[in-house]
There are 2 protein chains.
Amino acid sequence: MRARDQDDARPLYARVRARLLQRIRSGEWKPGQLIPNEFEIAAEFGVSQGTARKAVSELAAEQLLMRRQGLGTFVVAHTPADVLFRFFNMFDKSGAPLVPDSRDVHATVAPHPSDAELAALLLDGDSPVIRITRTRTRHGRPFIVEAIALPERLFPGLAARSDIPNTLYDLFQRSYGIIVVRTDDRLTAVAAAADEAGTLGVAVGTPLIKIDRIAFTLDAQPIEWRVSFCHLEDAHYLSRSR
Amino acid sequence: MRARDQDDARPLYARVRARLLQRIRSGEWKPGQLIPNEFEIAAEFGVSQGTARKAVSELAAEQLLMRRQGLGTFVVAHTPADVLFRFFNMFDKSGAPLVPDSRDVHATVAPHPSDAELAALLLDGDSPVIRITRTRTRHGRPFIVEAIALPERLFPGLAARSDIPNTLYDLFQRSYGIIVVRTDDRLTAVAAAADEAGTLGVAVGTPLIKIDRIAFTLDAQPIEWRVSFCHLEDAHYLSRSR
DNA sequence: CAGTGGTCTAGACCACGTG
DNA sequence: ACGTGGTCTAGACCACTGC
């Protein structure tokens with residue numbers, strides 16, 4: 001790889017990075033797999049170890065690769081615990097993370113998206129949509145009711161599974177090769193309507209946190225739209241800015 | 001600086017970083033100031049340019065230094081706009097940031113902290129506390145009422161100022177040399193009580209977002225405790241996870 | 001022990017912003 | 001034209017892991 005190719009003005013490390021990323025995204029390198037060491041990558045692309053290292057470092061900083069000194073570098077394989085820790089932002093009074101369970105999970109496929117789904121997921125009008133509803137519990141008591149919309153094209157057969165798990169993002173990676181790298185949660189306070197109040201066991205009008213979430217993949221494509229109504233007793237949603 | 005001093009097992013770049021940080025924190029390098037270039041830093045500490053660069057890069061990644069290619073590296077000087085963009089997480093329906101104003105600002109000094117202030121700010125019982133209350137408006141209409149507590153020791157004279165500004169964190173840096181690097185917001189939904197409802201012009205019982213915020217300095221010390229009650233019409237709080 | 005990621009060097013050249 | 005940050009190299013040694 002020559003420095004500054006005519007058609008690609010990016011630095012060398014950025015081009016190496018892009019090609020490594022492609023291997024992760026395409027599934028050529030699978031979750032959990034050991035990738036070649038820095039000298040092998042350097043040799044393959046005809047760059048120095050330092051340049052290969054910088055490419056790997058960026059992907060590690062984005063949590064797509066995981067380095068372990070003395071062992072090697074691996075493609076991340078998200079576990080349910082990873083996903084909860086990273087994207088589930090609710091904690092109890094003492095600061096301990098809430099560990100939700102799911103119940104009453106229903107999944108259907110709609111042949112056409114609603115207007116809201118179309119806008120949230122940037123679909124066209126003919127794209128089927130998977131709709132999942134579920135109730136999430138804490139110590140056996142319901143505290144979240146949520147509705148999830150997914151593009152069916154990217155998750156074929158998901159709606160028919162009898163084993164839709166509690167944490168979805170690790171399933172997205174394991175079974176569909178889709179890595180969620182970012183979520184945007186829009187929070188508002190709303191009064192519980194009759195149906196939410198019934199499911200959550202609270203009075204109509206009880207203040208709830210409404211979370212309107214879009215999850216994004218590597219290339220910033222919206223991959224999931226999720227609306228959750230949360231009744232947080234002795235708990236809170238934590239947002240950290242830095 | 002020899003590699004791996006006896007008393008300091010950290011890498012060279014980490015030790016250089018620590019000494020640069022000290023200069024920022026102590027005010028030896030002031031906000032907005034141009035710092036020496038990478039070769040000068042390298043020469044001063046007896047390391048290579050690459051090592052100096054790594055130290056500077058980490059501080060730039062933490063937003064304590066600002067690099068401008070061709071110009072130099074500067075100590076960050078937060079402007080009110082910076083602070084809003086970085087730590088004020090509210091947006092309207094179209095995704096545009098809300099720009100709040102402040103009114104009815106009242107500041108007092110209490111000789112002893114309340115139990116809650118003591119716990120939030122990790123104070124001892126004899127530390128005076130500055131208490132600020134204010135109403136924040138949007139298009140001239142109140143939408144947030146908040147109460148702020150600060151350790152008086154770190155902000156001497158602040159309560160007596162007649163010009164407490166709308167954005168506080170840039171004042172903290174400019175006038176007191178304290179840089180806020182992280183905020184933790186704990187969000188819950190609550191029903192408006194009589195006083196909040198009155199100030200915000202909503203019915204008692206209206207669902208509000210309550211934000212319980214702790215702001216932290218460089219060394220992870222809590223520096224501000226702020227409780228805000230927010231009435232977000234056609235707006236939301238945005239939390240991004242990655 | 002061998003092999004990996006992590007640190008460090010000395011020097012070179014490139015790209016950008018200012019004067 | 002000059003000085004800055006940004007990239008890149010070739011080579012060295014350190015620190016950790018597992019056999």
Side-chain angles (χ1 to χ4, degrees), chain A residues 1-21 23-24 29 32-77, chain B residues 1-21 23-24 29 32-77:
Chain A
M1 233 184 247
R2 296 192 317 285
R4 297 292 188 279
D5 268 311
Q6 288 181 334
D7 297 339
D8 192 345
R10 289 180 298 175
L12 267 182
Y13 73 84
R15 283 178 271 167
V16 173
R17 189 198 101 103
R19 297 189 54 184
L20 301 183
L21 183 57
R23 292 185 185 174
I24 298 167
W29 286 345
Q33 183 177 332
L34 174 69
I35 73 167
N37 70 43
E38 294 174 353
F39 286 94
E40 288 172 322
I41 292 171
E44 177 185 351
F45 292 105
V47 301
S48 71
Q49 176 257 358
T51 300
R53 179 173 179 76
K54 180 147 185 174
V56 170
S57 294
E58 286 204 354
L59 295 172
E62 296 172 60
Q63 312 208 53
L64 296 170
L65 295 176
M66 173 76 181
R67 307 176 111 140
R68 295 180 60 190
Q69 180 167 170
L71 267 181
T73 300
F74 302 80
V75 180
V76 288
Chain B
M1 236 184 245
R2 297 195 314 288
R4 295 293 186 279
D5 268 310
Q6 287 181 333
D7 296 338
D8 193 345
R10 287 180 299 174
L12 266 181
Y13 73 84
R15 281 178 271 167
V16 174
R17 188 196 101 102
R19 297 190 52 185
L20 301 183
L21 182 58
R23 293 186 186 174
I24 298 168
W29 285 347
Q33 181 177 335
L34 174 69
I35 73 167
N37 71 42
E38 295 176 353
F39 286 93
E40 289 171 322
I41 292 172
E44 177 184 352
F45 292 105
V47 301
S48 72
Q49 175 257 357
T51 300
R53 179 173 179 74
K54 181 148 185 173
V56 171
S57 294
E58 286 203 355
L59 295 172
E62 295 171 60
Q63 311 208 54
L64 296 170
L65 295 176
M66 173 75 180
R67 307 177 111 138
R68 294 182 60 191
Q69 180 166 166
L71 265 183
T73 300
F74 302 80
V75 179
V76 286

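Below, chains carry the letters A, B, ... as their sequence lines are ordered, and counting in each starts from 1. Since the structure is predicted, the reported quantities are computational estimates derived from the model, not experimental observations.
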Next item on the list: Give A/Phe39 one of three labels, base, sugar-phosphate or nothing, depending on what nucleic acid heavy atoms sit under 4.0 Å from its own.
Entry: nothing

Notebook entry, point to check: Roughly how many Å is it from CZ in A/Phe74 to P in C/dT4, rounded to a whole number?
Noted result: 11 Å

Next item on the list: Nearest whole angstrom, please: distance from the P of C/dA15 to the CD of B/Glu38.
Entry: 17 Å

Item checked: CD1 on B/Ile35 to CD on B/Glu40, rounded to 0.5 Å -> 10.0 Å

Check: With respect to the phosphate group of C/dT7, does any side-chain polar atom (N or O) of B/Lys54 fall under 4.0 Å of OP1 or OP2?
Finding: yes

Note to self: When you measure from the side-chain N and O atoms of A/Thr51 to the phosphate of D/dT9, is any distance below 4.0 Å, counting only OP1 and OP2?
What the structure shows: yes

Notebook entry, point to check: Which whole-number value in Å describes the distance from A/Arg10 CZ to D/dC8 C1'?
Noted result: 17 Å

Note to self: Show the nearest heavy-atom pair for residues A/Ala55 and A/Tyr13, with the distance to one decimal.
What the structure shows: CB-O, 3.5 Å

Check: Could you give the CD1-to-C1' distance, from A/Ile35 to C/dG5, as a whole number of Å?
Finding: 11 Å

Check: Thinking salt bridges, do B/Arg17 and B/Glu62 make one under a 4.0 Å N-O criterion?
Finding: yes

Next item on the list: Could you state the atom-to-atom distance from CZ of A/Arg15 to C1' of C/dC14 in whole Å?
Entry: 13 Å

Notebook entry, point to check: Should A/Thr73 be listed as having a side-chain N or O under 4.0 Å from OP1 or OP2 of C/dG5?
Noted result: yes

Check: Among B/Leu21, B/Val76, B/Ile24, which one satisfies side-chain contact (heavy atoms from CB on, under 4.5 Å) with B/Leu65?
Finding: B/Ile24

Next item on the list: Select from A/Arg53 and B/Gly50 the residue whose nearest nucleotide in DNA chain C is closer to the 5' end of that strand.
Entry: A/Arg53

Margin query: What residues from residues 60-72 of chain A pass a heavy-atom cutoff of under 4.0 Å to DNA chain C?
Written below: A/Arg67, A/Arg68, A/Gln69, A/Gly70, A/Leu71, A/Gly72

Check: Which nucleotide, D/dT7, C/dT4, D/dG11, lies nearest any side-chain atom of A/Gln49?
Finding: D/dG11

Next item on the list: Give the rounded distance in Å between these two atoms: CD1 of B/Ile41 and P of D/dT4.
Entry: 11 Å

Notebook entry, point to check: Within this structure, what is the CG-to-P distance between B/Leu34 and C/dG17, rounded to whole angstrom?
Noted result: 16 Å

Next item on the list: Indicate whether OP1 or OP2 belonging to D/dT7 is found under 4.0 Å from a side-chain N or O atom of A/Tyr13.
Entry: yes

Margin query: Tell me the interatomic distance from B/Leu12, atom CG, to D/dA12, atom C1', rounded to whole angstroms.
Written below: 14 Å

Notebook entry, point to check: If we fit an axis to the first five pairs and another to the last five of the helix from C/dC1-D/dG18 to C/dT18-D/dA1, what angle do they make, to the nearest 10°?
Noted result: 20°

